[in-house]
Amino acid sequence: MAAAKRYYLTTPIYYVNDAPHIGHAYTSLACDALARFKRLDGFEVKFLTGTDEHGQKVAKAAEAAGVDPQTHTDRVSQHFRDLSPVMNYSNDDFIRTTEPRHARACQELWKRMKANGHIYLGRFAGWYAVRDEAFYDESELVDGKAPTGAEVEWFEEENYFFDLSKWQQPLLDFYEANPRFLAPRTRRNEIVSFVSSGLRDLSISRTSFKWGVPVPDDPKHIMYVWIDALTNYMSAAGFPEESGDYARFWPADLHMVGKDIIRFHTVYWPAFLMAAGLTPPKRVFAHGWWTNEGQKMSKSLNNFITPQDLIGRYGLDPVRYFLLRELPFGQDGNFSHQAMIRRINTDLANDLGNLAQRVLTQINRNCEAKVPQAGALTEADDRLLAAAHGMLARVRAEYDEQQFHRALEAEWEVVGAANRYVDEQAPWALKKTDPARMATALYVLAETIRHLALLAQPVMPQSSARMLDLLAVPEVARSFAALGPSGALKAGTPLPKPEGIFPRHVEDGPAAKAGG
RNA sequence: GGCGGUGUAGCUCAGCGGUAGAGCAGGGGAAUCAUAAUCCCUUGGUCGGCGGUUCAAAUCCGUCCACCGCUACCA
């Protein structure tokens, strides 16, 4: 039996402590583009995002706000759910760790780890700095204070522990056997080095606060953050129900994460799962951070970029394009308005937008506003069509490596080839000398634009749809199954009046007037 | 301190043993279908420094300098 084409991918669950900013939007955007790509490529996709709502910080924030924790998290979680329509995410589910389905999954995972002998009762002790909300090892203290200078106090409580120390070799073997598990490569090296240096057991329960999932058979304990948070990926698949989504989608194909939480996803999580006798996810990709005009985004600088700011200024699809095109996915990079405007005007308006506009306008005027009839194809025609037809294989390979920027780069090579072809063929000149040849050239171009629009859908769903509308491509012919000659435009199909899809960005204000 | 990475044109980066590359920015030209968009040509680098291996080194080795990441229980 052939393996079903299914794909399960997840964003991290976002901690309900701050408002969503561009960092959150970026992670989910990458997942969204990939989810859309896979759907168009014939996969049954499950795309999950959600919020992480437990922990002492949340309980305290609720207390400070004078409401119970659930009311507080309902409120803050909503900000993240609102991000989906704003950014046009196509997530299939939104998990909240305060949901009953999640508690059930966590407790079942715990029970299995415990039944297999990997959880034991012990004592957790350390120097706790209230100000930093962090524990420090004896060796880290400087003059009896935290390295940060904060006062510390001795903290000791009875906790459950996970025997992580026993998983060093199994994890190293796992990485070795699954070279695709962790990307990019530099992160993989870091994690292998970390695990190689030895692992300590992990305390996985707390009794000092209550806002969490109770430990099975010992409810004075609640599960401590990561075992709770990570399990969301399984609870949303219906675990422990063996039928339904769990059977169809686990193990997950991809956990997309920021580089700050890579250890939890690539060390703790596979260890937990193996300890429970379950299969770890297939891949974790850790992406980088954006700086804002050269500066790190931080609370103290109060310079967070919000998705709403950018979209209001530049439009949704250009923002989506910029974020995925501007920097090699996985690396850190800098956001600047100058770079944003350059991408909009160069890649979108001048290259792709103008290509569509110049071709469609000529078809509209010189071909009775219908898909033109192609005659015999020349070598140049074949070359351009071959480039269009060949895009999918290349773009698919890049998506499978989460190299979104390279996928877009490959698409833009065809944009460039098409613009050169327009100049070489000069259909406006053929109009007088050889109208049939003009029609053929414009047909070849329309076909090329159809391919470009189809393949741009994951990144720019709305703009691509408009472009396909201009080519009168029916809804049913917009998956990747329609790529290639079999889905080619039919001569004679009436086309709507062309309109610009990617306008140039012109800065408002007096400064923008210069140079007219 | 330990481990790892990076340093190539003004900017962002590719190349990783065989006569220095791309995109953007800068300069010149062609064309005029198009969102003054497009196309062609072009300026620009002793590939961080020094030393070594080799017929041949951004490309391998050593060393130095600079910057960055990781070095566990805040998500």
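Fair warning: this is a prediction, and the values are worked out from it, not measured in the lab.
- Taking the side chain of A:R420 as heavy atoms from C-beta on, and the options B:A75, B:C39, B:A72, the nearest nucleotide is B:C39.
- A side-chain donor-acceptor contact under 3.5 Å links A:D347 and A:Y321.
- In this structure, a donor-acceptor pair under 3.5 Å is present between the side chains of A:H118 and A:D163.
- The existence of a salt bridge linking A:E326 and A:R343 is confirmed by a sub-4.0 Å separation between a basic side-chain nitrogen and an acidic carboxylate oxygen.
- Rounded to an integer number of Å, the gap from A:Y15 OH to B:A75 C1' is 6 Å.
- Counting heavy atoms from C-beta outward, A:F124 and A:E156 have side chains that stay 4.5 Å or more apart.
- Separating the C1' atom of B:C61 from that of B:G2 is a span of 23 Å, rounded to the nearest Å.
- Position along RNA chain B of the nearest nucleotide to A:D52 versus A:N345 favours A:N345 as the more 5'-ward residue.
- Remark: A:R263, A:Y268 in residues 257-272 of chain A come within less than 4.0 Å of RNA chain B through at least one heavy atom.
- The closest side-chain donor-acceptor pair between A:R504 and A:N350 falls under 3.5 angstrom.
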Using a cutoff of under 3.5 Å, can you pull out all pairs of nitrogen or oxygen atoms linking the protein to nucleotides 31-35 of chain B, with atom names and distances?
unit_1, atom_1, unit_2, atom_2, d
B:C33, O2, A:R358, NE, 3.3
B:C33, O2, A:Q362, NE2, 2.9
B:C33, N3, A:R358, NE, 3.4
B:C33, N3, A:R358, NH2, 2.6
B:C33, N4, A:R358, NH2, 3.0
B:A34, OP1, A:R365, NH1, 2.6
B:A34, OP1, A:R365, NH2, 3.3
B:A34, O2', A:N354, OD1, 2.6
B:A34, N3, A:N354, ND2, 3.1
B:A34, N3, A:R358, NE, 3.3
B:U35, O2, A:F502, O, 3.4
B:U35, O2, A:R504, N, 3.4
B:U35, N3, A:F502, O, 2.5
B:U35, O4, A:G353, O, 3.3
B:U35, O4, A:F502, N, 3.2
B:U35, O4, A:F502, O, 3.4

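- For the P atoms, the distance from B:G7 to B:G17 is 15 Å, rounded to whole Å.
- Straight-line distance from the CD1 atom of A:I191 to the C1' atom of B:G69: 12 Å, rounded to whole Å.
- Contact of the A:L470 side chain with the A:L495 side chain is not registered, since no non-hydrogen atoms from C-beta on lie closer than 4.5 Å.
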### Query
According to the Watson-Crick and G-U wobble definition with distances under 3.5 Å, which dot-bracket string, read 5' to 3', encodes RNA chain B, using [ ] for crossing pairs and | for pairs with another strand?
((((((((.[[[[.)..(..]]]].(((((.......))))).....[[[[[..)....]]]]])))))))....
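- B:U43 and B:G23 are spaced 14 Å apart, taking the P atom of each and rounding to whole Å.
- Checking A:Q362 against A:N364 by side-chain atom types alone, no donor-acceptor pair falls below 3.5 Å.
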With 3.5 Å as the limit, what N/O pairs link the protein to nucleotides 66-68 of chain B?
none

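- Looking at heavy-atom distances under 4.0 Å, A:N17 makes no contact with the nucleic acid at all.
- B:A20: glycosidic angle beyond 90° from 0, hence anti.
- A donor-acceptor contact shorter than 3.5 Å is absent between the side chain of A:K57 and the backbone of A:V16.
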Could you list, one pair per line, each protein nitrogen or oxygen that sits under 3.5 Å from a nitrogen or oxygen of nucleotides 20-27 of chain B, together with the distance?
unit_1, atom_1, unit_2, atom_2, d
B:C24, O2', A:R342, NE, 3.0

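- Remark: C1' of B:C73 and CZ of A:F124 are 6 Å apart, rounded to the nearest angstrom.
- Among the nucleotides B:A14, B:U71, B:C3, the one closest to any side-chain atom of A:Q331 is B:A14.
- Here the P atom of nucleotide B:G69 and the CH2 atom of A:W289 are 13 Å apart, to the nearest Å.
- Two residues are said to be in side-chain contact when any heavy atoms from C-beta on lie closer than 4.5 Å; A:S205 and A:I222 fail this criterion.
- Base engagement by A:G198 is indicated by at least one non-hydrogen atom pair under 4.0 Å involving a base atom.
- Between the side chains of A:T97 and A:N232, not a single donor N or O lies within less than 3.5 Å of an accepting N or O.
- A:Y224 and A:H54 share no donor-acceptor pair across their side chains, judged by distance under 3.5 Å alone.
- A gap of 12 Å separates the C1' atoms of B:A20 and B:G44, to the nearest Å.
- Checked by atom type, the side-chain pair A:D82/A:Q78 shows a donor-acceptor distance below 3.5 Å.
- Using a 4.0 Å heavy-atom distance criterion, A:L355 is classed as making no nucleic acid contact.
- Spacing between B:U46 and B:U19 at atom C1', rounded to whole Å, works out to 16 Å.
- Between A:V459 and A:F404 there is no side-chain heavy-atom pair separated by less than 4.5 Å.
- With no hydrogens or angles considered, no side-chain donor-acceptor pair links A:S336 and A:Q338 at under 3.5 Å.
- A:W226 places its CH2 atom 16 Å from the P atom of B:A72, with the value rounded to the nearest Å.
- Under the side chain to side chain contact (heavy atoms under 4.5 Å, CB included) test applied with A:F329, the options A:R406, A:H287, A:E398 reduce to a single match, A:H287.
- Between the side chains of A:R75 and A:T71, not a single donor N or O lies within less than 3.5 Å of an accepting N or O.
- The residue A:L360 sits apart from the nucleic acid: no heavy atom pair falls under 4.0 Å.
- Side-chain contact of A:D381 with A:Y443: a donor-acceptor pair under 3.5 Å is absent, judged by distance alone.
- B:G18 sits 10 Å from B:A58 when the P atoms are compared, rounded to a whole Å.
- Among pairs with a residue in residues 188-200 of chain A, those fulfilling side-chain hydrogen bond (donor to acceptor under 3.5 Å, both in side chains) read A:R187-A:E190, at least two apart in sequence or across chains.
- Taking atom CD of residue A:Q56 and atom P of nucleotide B:A75, one finds them 10 Å apart after rounding to whole Å.
- With C1' as the reference atom, B:A57 and B:G62 are 15 Å apart, rounded to whole Å.
- For B:G48 and B:C68, the C1' atoms lie 15 Å apart once the distance is rounded to whole Å.
- Phosphate proximity of B:A75 to A:Y224: present, with a side-chain N or O under 4.0 Å from OP1 or OP2.
- Between the P atom of B:U6 and the CD atom of A:E190 lies a distance of 12 Å, rounded to the nearest Å.
- In this structure, A:R200 atom CZ and B:C73 atom C1' are separated by 9 Å, rounded to whole Å.
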